[in-house]
Every structure is written in structure tokens, then in C-alpha cells.
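Per chain, numbering begins at 1; letters A, B, ... match sequence-line order.
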There are 2 protein chains.
Amino acid sequence: MTKTAGRPPRNETDILEFRKKVSQHAMALYRDKGFEAVSMRRLSKAVGCAPTTLYAHFQGKTEILMLLWADVLDEMTQHVQESLKRKTEPTERLKAAALAFVGYWIDHPDHFRLVFMSNDVGRSDVDSFIETGDVQGSFQMFADLVRNLNPKRSDVKVRTDAVVAGMIGVALCSITICNYPWPTVSKMTGQLIAGITATPQ
Amino acid sequence: MTKTAGRPPRNETDILEFRKKVSQHAMALYRDKGFEAVSMRRLSKAVGCAPTTLYAHFQGKTEILMLLWADVLDEMTQHVQESLKRKTEPTERLKAAALAFVGYWIDHPDHFRLVFMSNDVGRSDVDSFIETGDVQGSFQMFADLVRNLNPKRSDVKVRTDAVVAGMIGVALCSITICNYPWPTVSKMTGQLIAGITATPQ
DNA sequence: TAGTTTTATGGAACGCGTATCAATTAATCA
DNA sequence: TGATTAATTGATACGCGTTCCATAAAACTA
């Protein structure tokens with residue numbers, strides 16, 4: 001921890017400031033021009049730095065795209081919350097939330113790709129530091145809904161995560177394998193929820 | 001149906017022959033060098049034509065990648081069948097198959113990306129003619145397993161497709177959101193199957 | 001055979017993500 | 001001030017998917 005000569009490393013706040021700046025420009029690009037507009041070259045031009053500089057602050061495009069997760073997940077969460085209005089019965093609430101969840105992704109396939117298909121599959125051993133706080137927060141909502149089904153049960157997390165992953169799968173399949181005659185989203189999510197409400201044998 | 005002047009369209013068999021040739025070279029590239037080796041430039045070099053020529057025969061890379069689906073799905077199916085040996089009880093069989101299914105994708109994330117993440121999400125209005133025969137065949141196996149749980153029930157397709165989509169979601173989440181503390185694959189698939197075996201309320 | 005019409009091809013180009021590397025700028029210490 | 005060290009930059013390069021366009025090739029009609 002001794003001071004050395006020469007230019008000191010980046011200031012902590014400067015780092016955050018730069019990351020925030022990049023995040024804002026990336027967000028603006030994504031919202032205004034869509035997924036494909038968020039390129040390293042265009043983004044660096046918007047930020048006002050060289051494309052190479054971005055690689056000094058982020059380990060790659062994937063890490064930058066993750067900055068956009070929070071926005072999308074917030075919007076999705078709000079959409080789900082909206083669907084819960086005037087619903088009181090726990091099962092009905094979960095069902096409505098699930099439908100809204102899957103529906104959101106199907107209505108916004110670009111957002112789905114952003115969150116769930118941006119990672120470099122196959123190179124996952126490399127990308128080490130991923131913030132999952134956003135994801136965790138968005139899934140909390142479902143944990144509450146599941147808990148309210150039967151507050152006495154202790155396996156809330158397993159059932160929640162299973163149904164969330166299941167819903168994501170339903171969205172993925174409906175979006176990408178669009179020529180296979182999938183049942184309606186409503187039917188499939190209903191089936192997933194049947195597993196949640198069932199009593200363990 | 002009158003004959004017109006000028007060079008006639010490609011011969012039907014020639015078309016199939018060329019597609020087969022491309023398919024074989026793509027397969028060899030994928031098996032030998034991996035996903036990233038299957039590029040339009042390398043593939044065209046292997047085939048012996050210009051990169052542009054490929055676009056005269058396929059509408060894009062996605063359509064070429066789909067030629068590889070059958071191989072992967074066959075291997076996956078075989079792996080699942082393997083897991084069924086010496087399993088007789090219907091629920092146990094379904095559970096074993098589900099575990100093998102998800103496990104296969106997690107063990108081969110490149111294959112997962114190939115089949116489930118190759119489509120151009122967002123441009124799905126364009127890519128019209130996708131062969132889903134491969135997929136359909138691979139899912140048939142699960143339809144049988146689900147039917148055997150309770151041959152009297154008529155909602156086999158809904159329950160099968162829901163659990164298949166759910167398993168794909170489990171695989172997707174485990175692969176791409178690898179820093180979120182998902183429950184074990186075994187627990188999540190078990191949860192999905194609970195919905196299959198449950199009796200409708 | 002000459003001309004016409006349609007298909008098939010390949011070269012060039014665009015923008016992309018990413019890596020390398022030398023040169024420059026900035027901030028600190030001696 | 002000068003030396004030292006880190007951050008930033010620009011140029012260059014590779015391979016990628018894809019599109020455009022001019023040209024070659026093939027099969028017909030006259």
C-alpha cells in the first residue's frame with residue numbers, strides 16, 4: 001500500500017462516472033435506435049472516446065449490454081405489477097403475473113435477447129464478474145407470489161426459480177422456434193403453475 | 001406454366017445436391033473445429049464457392065445452421081434413451097429422461113446455442129420457412145413418456161410441450177445466467193415434473 | 001448461328017467485435 | 001524541472017455476416 005511514483009490509477013469515482021456515462025449513452029442508443037445500434041464503434045462515438053478505450057473500462061460488449069438489464073427488468077416488473085391490480089386470490093395473482101411475464105418478453109423479443117441471449121455461451125468460463133442484483137430483484141416478486149400460495153411451505157425458492165426458468169423457456173421457445181405448433185402461452189404457463197400449486201407427494 | 005425464354009431455374013435435384021454438399025461441409029466444420037469455425041467465409045472455402053454464392057442458396061447463416069440441428073438432436077435423443085435403461089416406473093422414466101435432457105445441454109452449451117439461440121430474434125418476421133421436423137421428432141419421445149404417466153388423460157401435448165419448454169428454460173438459465181444461485185438442475189426439473197404428474201384441480 | 005433472357009457467380013464494400021501496439025497525454029514523486 | 005508511471009488514443013489488422021453490382025454462364029428463340 002505504499003505510494004509509488006508516476007500517475008496514480010484511476011480514481012474510484014471517476015471510474016464510476018465513466019461507466020455511468022457509457023451506460024447512459026448505451027441506454028439512449030438502445031431505446032432510440034434499437035439493439036443493433038448499440039455497437040462499440042457507435043457507442044464510443046456517442047461517449048466521445050476511442051473504441052479501444054471502452055475495452056479499458058469493460059471487458060467486452062457483453063458487460064456493457066448488462067448495464068441495460070436494469071432498465072428492461074424494471075419495465076418488465078412494472079408491467080407485471082400492472083397485471084396484478086384488482087387480483088386478490090393468490091393463485092389468480094400468480095397466474096396473472098406469469099402471463100404478464102411471458103407476454104412481456106414475447107411482445108419485446110429484442111429485450112429478451114438483450115437479457116437472456118447476450119452472454120457468450122461457450123466462453124462462459126471467461127466472463128467472471130456479472131452483477132446479478134437486477135435479476136435477483138426482479139425474481140423476488142415471484143417469490144412473494146409463490147409464498148402467498150401456501151405460507152407454510154419451505155420450498156419457496158425451488159418452486160419459484162423453477163417456474164421462472166420455465167417461463168423463460170416458454171418465452172424462448174415461442175420466440176425462436178416460431179414454426180413449431182406450441183400450445184398457447186396461457187396454456188403452457190398454466191401448466192407450469194400447476195406444478196407450483198401441487199402438493200408434494 | 002408456359003415455357004419462357006432464357007435460362008431455366010435450377011434443377012430440383014441440383015438444388016438438393018448443393019444443399020447437401022453445404023450441409024456436409026458445415027457439419028464437418030462444426031464437429032471438428034466447433035461453433036465458431038462455421039462461418040460463411042470458411043464454409044464457402046470448404047465447399048469451393050464464393051461466400052456470396054451461399055446467399056443464393058440459403059437466406060442466411062441461420063438457415064445453414066439449422067442443417068446441423070438434426071445431428072445434435074439425434075445425439076441428444078440417444079443420450080436420453082440411454083438414461084432410460086433399466087428404468088421401468090413411468091414417473092421414474094420421465095424424471096430420468098428430463099435430467100438427461102437438461103444435462104445434455106448443460107454439458108454441451110455450444111449445441112444449445114446452435115439449436116435454441118441461432119435464430120435472429122427480432123427479425124423473426126422475415127425467416128419464414130423453417131423445418132421443424134427435427135424438433136418435432138425429438139419431442140415425440142417426451143410425449144410418449146408423459147402419456148405413459150396416465151394414458152387416460154387427453155392433455156398430453158400441452159403437458160409435454162410445457163415441460164419441454166420448461167426444461168429448455170432451465171438449461172438456458174443455468175447456462176447463461178451462471179452467477180445467479182439457481183437450485184440444482186435436479187431440483188428444478190423435479191419441480192417441473194411435479195406439474196406434469198399433478199392431477200388437474 | 002446470333003441474340004435474348006434469366007440464372008449463377010465472385011469481387012468489392014460496409015459495419016461489426018476485438019486485438020495489438022506504438023505514441024501521446026496526464027499526474028505524481030524525487 | 002525532469003523522471004516515472006498510468007491512462008488514453010489512433011492506426012492497423014483480422015475475420016465476421018451481409019449486400020450490391022457487374023459479369024459470366026446457360027438455355028432458350030429467331
Interatomic distance where [atom1] belongs to [X] and [atom2] belongs to [N] [whole Å]:
{"X": "A/Ile15", "N": "D/dA7", "atom1": "CD1", "atom2": "P", "value": "8 Å"}
{"X": "B/Leu43", "N": "D/dG17", "atom1": "CG", "atom2": "C1'", "value": "13 Å"}
{"X": "A/Lys33", "N": "C/dG15", "atom1": "NZ", "atom2": "C1'", "value": "15 Å"}
{"X": "B/Arg42", "N": "D/dG17", "atom1": "CZ", "atom2": "C1'", "value": "14 Å"}
{"X": "B/Glu63", "N": "D/dG17", "atom1": "CD", "atom2": "C1'", "value": "15 Å"}
{"X": "A/Phe35", "N": "D/dG17", "atom1": "CZ", "atom2": "P", "value": "16 Å"}
{"X": "A/Lys61", "N": "C/dA19", "atom1": "NZ", "atom2": "P", "value": "14 Å"}
{"X": "A/Met40", "N": "D/dC16", "atom1": "CE", "atom2": "C1'", "value": "16 Å"}

Query - Sole residue of B/Trp105, B/Phe116, B/Tyr30 in ring-ring contact (aromatic ring centres under 6.0 Å, His included) with B/His111 - result: B/Tyr30
Requested in this report: For A/Lys157, look at atom NZ and say whether over 12 heavy atoms of other residues, nucleotides or ligands are found less than 6.0 Å away.
Outcome: yes
Report task. Go through D/dT8, C/dT18, D/dG17 for me and flag the one nearest to the B/Tyr55 side chain. Result -> D/dG17
Query - Aromatic contact, A/Tyr104 with A/His108 (centres under 6.0 Å) - result: yes
Query raised in the report: Of all residues at least two apart in sequence or in a different chain, which pass the side chain to side chain donor-acceptor pair (under 3.5 Å) check with A/Glu92?
Result: none
Query raised in the report: For residues B/Tyr180 and A/Asp161, is any side-chain donor paired with an opposing acceptor at under 3.5 Å?
Result: yes
Heteroatom pairs (N/O) under 3.5 angstrom, protein to nucleotides 9-13 of chain D:
{"from": "D/dT9", "atom 1": "OP2", "to": "A/Thr53", "atom 2": "OG1", "distance (Å)": "2.1"}
{"from": "D/dG10", "atom 1": "N7", "to": "A/Thr52", "atom 2": "OG1", "distance (Å)": "3.4"}

Query - DNA chain C: 5'-proximal contact among A/Val38 and B/Phe18 (nearest heavy atom) - result: B/Phe18
Report summary line: In short, B/Met27 meets B/Leu67 closest at the heavy-atom pair SD-O, 4.2 Å
Query raised in the report: Do the side-chain N or O atoms of A/His57 get closer than 4.0 angstrom to the phosphate oxygens (OP1, OP2) of D/dA7?
Result: no
Report summary line: The complete set of side chain to side chain donor-acceptor pair (under 3.5 Å) pairs with one or both residues in residues 41-56 of chain B, sequence neighbours excluded, reads none
